[in-house]
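Reviewing the structure listed below.
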Amino acid sequence: VVVGGGLEPWAEFDLIGKTIESVPKDGDCDDNTMRFLVTSRTVRCAGIGVDPERPEEEHDIPASLIKHFPEHGPYLGIYAVRVDGEKNGVLSV
């Protein structure tokens, strides 16, 4: 599966168990693709809900996700493991 932009919200969860590829942008001198196995969902970090200017007003983002999107729980994103035999490389998203 080659993944590009334009995924519907939460569609990344349908990729669990599948292999995805990163494809270089036009004009990049590195023409290597990277292959990843999508392994699981990732829980949204609670730290994102802390306002550095007013840390006493903490917002519980995982709890908000559970409240407003109960079918997805506190998850927001996916984990993937590189499976193309390489150990090095940079993937910018």
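Note that these values count all heavy atoms, side chains included, but never hydrogens, waters or copies made by symmetry.
Rounding to the nearest 0.5 Å places CD of Glu12 at 10.5 Å from CD1 of Ile20. From Asp60, atom CG reaches atom NZ of Lys67 across 11.5 Å, with rounding to the nearest 0.5 Å.
For Ser64, there are no side chain to side chain donor-acceptor pair (under 3.5 Å) partners at least two apart in sequence or on another chain. With sequence neighbours excluded, the residues satisfying ring-ring contact (aromatic ring centres under 6.0 Å, His included) with Phe69 are Trp10.
At a threshold of 4.5 Å between non-hydrogen side-chain atoms, the residues Thr42 and Tyr75 do not count as touching. At least one side-chain heavy atom of Arg41 sits under 4.5 Å from a side-chain heavy atom of Ile16. Proximity of Arg82 to Met34: side-chain heavy atoms (C-beta onward) are separated by under 4.5 Å at one or more points.
In this structure, Leu37 shares a hydrophobic cluster with Val83, the cluster being traced through Ile, Leu, Val, Met, Phe, Trp and Tyr side chains under 4.5 angstrom apart.
By the 6.0 Å contact criterion, CD on Glu53 is open, its count of non-hydrogen atoms from other residues, nucleotides or ligands being 12 or less.
Val81 approaches Thr39 most closely through the heavy-atom pair CG2-CG2, 3.7 Å. Of all non-hydrogen atoms in Phe36 and Ala80, the two that sit nearest each other are CB-CB, 3.8 Å. Residues Thr19 and Arg35 share a closest heavy-atom pair of CG2-NH2, 3.6 Å.
Remark: the Ser40 side chain and the Tyr79 side chain contain no N/O donor-acceptor pair separated by less than 3.5 Å.
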